[in-house]
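The structure follows.
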There are 2 protein chains.
Amino acid sequence: MADRDTDLNVLAGTEIFRSLPMEIIDEARRLAVRKRLSRREALYHQGDSADSFHIVIVGRLRAIQIAPDGSQVALRYLGPGEMAGYAALAGLATYPGTVSAVEDTHLFSWPTPVIRDLMGKYAQIAINALAVLGSRYQETQTRLRELSTETVERRIAHTLTRLAKQAGRRTAMGIEICFPLSRQDFAELAGTSLHTVSRTLSAWEKDGIVSSSHRYIVIHQPDFLKQIENEAS
Amino acid sequence: MADRDTDLNVLAGTEIFRSLPMEIIDEARRLAVRKRLSRREALYHQGDSADSFHIVIVGRLRAIQIAPDGSQVALRYLGPGEMAGYAALAGLATYPGTVSAVEDTHLFSWPTPVIRDLMGKYAQIAINALAVLGSRYQETQTRLRELSTETVERRIAHTLTRLAKQAGRRTAMGIEICFPLSRQDFAELAGTSLHTVSRTLSAWEKDGIVSSSHRYIVIHQPDFLKQIENEAS
DNA sequence: CGATATTTTGAAAATGTTCAATAGAGGTGG
DNA sequence: CCACCTCTATTGAACATTTTCAAAATATCG
């Protein structure tokens with residue numbers, strides 16, 4: 001279906017292959033394997049040997065980490081152009097989390113040795129990877145701080161603002177989170193219980209700050225969220 | 001005082017320059033600036049422009065992130081051979097945290113353009129950096145999960161185990177955390193209050209699992225900690 | 001030895017969670 | 001097309017964990 005030029009353009013727009021000469025992107029393209037995942041299907045599981053690296057073409061993935069006791073946190077949602085499987089780049093032996101599809105998803109994949117070989121040949125790929133990993137690391141550090149020091153309400157506000165930035169679509173009504181997200185899913189992102197998320201969103205809905213219908217959220221007043229984020233504790 | 005060969009050996013043992021040819025390490029050495037920090041002195045502050053990259057030679061640094069309201073979390077403690085200032089590698093504009101010396105510390109430093117130029121020339125440096133950042137990212141994700149899902153006692157146990165791994169010194173009495181760490185400092189690592197840390201450590205001391213004297217902690221029974229980490233919630 | 005910083009401990013208070021029950025939305029098959 | 005079934009969301013109330021507040025004890029440093 002997709003031809004060579006389409007693939008090249010897609011890859012050229014990704015965080016990892018950005019700013020590279022077309023010949024190199026084409027080399028990467030030739031080494032790539034195309035994959036498809038249906039909704040809920042897993043790309044890999046926590047603890048699996050980290051044997052490949054992926055880029056989302058269309059669709060959305062969800063990375064989670066599961067505790068020995070079964071409880072889980074959402075690490076990140078990944079949309080088009082974003083990479084999955086940083087463990088393969090970083091030379092970790094196993095995947096530190098589980099990644100699965102939130103909706104039907106198309107990916108490009110590379111076996112670990114292939115992508116590591118590309119990085120060795122073209123330092124810019126490694127440098128781009130470093131930039132991606134660095135900004136994800138920073139974001140995770142910030143979440144860690146929020147989880148340590150902020151009230152649940154403020155964390156929920158931060159989580160929503162962050163979601164809007166990563167997966168927000170401007171509409172007439174405001175900013176819509178453009179993939180389905182249940183209260184439970186949201187709670188796993190914000191580090192709280194689904195009940196508290198529900199109560200908080202209900203209260204905000206009453207104030208006209210957000211509205212939500214069955215797994216979809218629209219933010220009407222982003223400024224109010226920002227205000228809640230910075231309120232005195 | 002330290003001569004060229006000593007410096008080379010030091011650099012060859014660091015996480016970033018490991019496994020590189022000596023000529024390249026020597027090139028990095030020639031470009032390095034030597035720095036010293038006294039106890040409590042800051043290397044850089046959160047929000048400063050990320051204009052250099054550092055490696056600890058001797059001593060210990062502490063990376064923290066401060067919230068707008070003044071509360072803070074400890075991101076990491078850095079010992080000999082470890083890098084500080086990943087923002088410089090990742091091309092972030094500003095430092096996401098503040099780093100300062102826990103004890104008198106010697107460092108090597110490189111201006112951001114210099115270290116980035118080295119990475120561009122020698123992909124292996126970027127790949128090593130990716131490995132370091134990857135494992136720190138993974139650790140932070142794990143802390144995030146712990147903070148989200150575990151009780152304070154288990155988090156304190158995890159924090160202590162992690163400290164033992166990163167800065168533990170085997171002694172006749174057990175494993176000693178080899179730098180001074182107050183209850184407050186510990187609390188900022190575990191994401192709790194200094195009071196809860198004090199209570200918990202006191203209880204463990206009664207059971208002979210740990211002992212502590214003014215800012216130093218010794219773990220007598222690491223296995224008991226592991227057990228607490230995995231206890232049913 | 002005095003001054004300052006750190007640690008301990010008790011009791012009160014608060015923030016969220018858990019438990020429980022109901023309501024609503026969507027999808028499926030008769 | 002409607003009835004049913006399941007998954008999702010809402011809401012109240014009891015409960016629990018942990019924080020906050022307060023005060024005293026202990027240790028270190030000059």
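FYI, side chains are in, hydrogens and waters are out, and symmetry mates aren't considered; it's all heavy atoms of this structure. Remember, it's a predicted structure, so these values are computed and weren't measured experimentally. Order of the sequence lines sets the chain letters (A, B, ...), proteins ahead of strands, with each chain counted from 1.
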Any residue meeting ring pair (Phe, Tyr, Trp, His ring centres under 6.0 Å) with B/Phe186, in chain and number order, not counting sequence neighbours: none

Results of salt bridge (charged side-chain N to carboxylate O under 4.0 Å, His left out) for A/Glu41 - residues two or more places apart only: none

Whether A/Trp110 and A/Phe53 hold their rings parallel, tilted or perpendicular, with breakpoints at 30° and 60°: tilted

Which residues share a salt bridge (charged side-chain N to carboxylate O under 4.0 Å, His left out) with B/Arg143, sequence neighbours left out: none

d(CD, A/Glu150; C1', C/dG16) in whole Å: 16 Å

Neighbours of DNA chain D within residues 71-79 of chain A, by heavy-atom distance under 4.0 Å: none

Qualifying side chain to side chain donor-acceptor pair (under 3.5 Å) pairs, either residue in residues 197-209 of chain B, two or more places apart: B/Glu153-B/Trp204

Salt bridge (charged side-chain N to carboxylate O under 4.0 Å, His left out) partners for A/Arg39, two or more places apart: none

Donor-acceptor side-chain pairing of A/Gln227 and A/Gln221 below 3.5 angstrom: no

Under 3.5 Å donor-acceptor, A/Thr105 side chain and A/Glu103 backbone: yes

Gap between atoms OH and P, on A/Tyr216 and C/dA25 respectively (whole Å): 17 Å

Within residues 47-68 of chain B or reaching into it, pairs that qualify as side chain to side chain donor-acceptor pair (under 3.5 Å) - sequence neighbours excluded: A/Arg145-B/Gln65, B/His54-B/Ser109, B/Arg62-B/Tyr77, B/Arg62-B/Glu188

Nucleotide range of DNA chain D lying under 4.0 Å from chain B heavy atoms: D/dT18 to D/dT28

B/Arg183 CZ to C/dT9 C1', straight-line distance once rounded to whole Å: 13 Å

Non-neighbouring partners of B/Glu176 that pass salt bridge (charged side-chain N to carboxylate O under 4.0 Å, His left out), sequence neighbours left out: B/Arg169

Residue pairs fulfilling salt bridge (Lys or Arg N to Asp or Glu O under 4.0 Å) with at least one residue in residues 79-101 of chain B, sequence neighbours excluded: B/Arg76-B/Glu82

Each stem that DNA chain C is part of, given as range with range (3 or more consecutive Watson-Crick or G-U pairs, under 3.5 Å): C:1-30 with D:1-30

For DNA chain C, the residues among residues 187-203 of chain A that have a non-hydrogen atom under 4.0 Å from it: A/Thr192, A/Ser193, A/His195, A/Thr196, A/Arg199

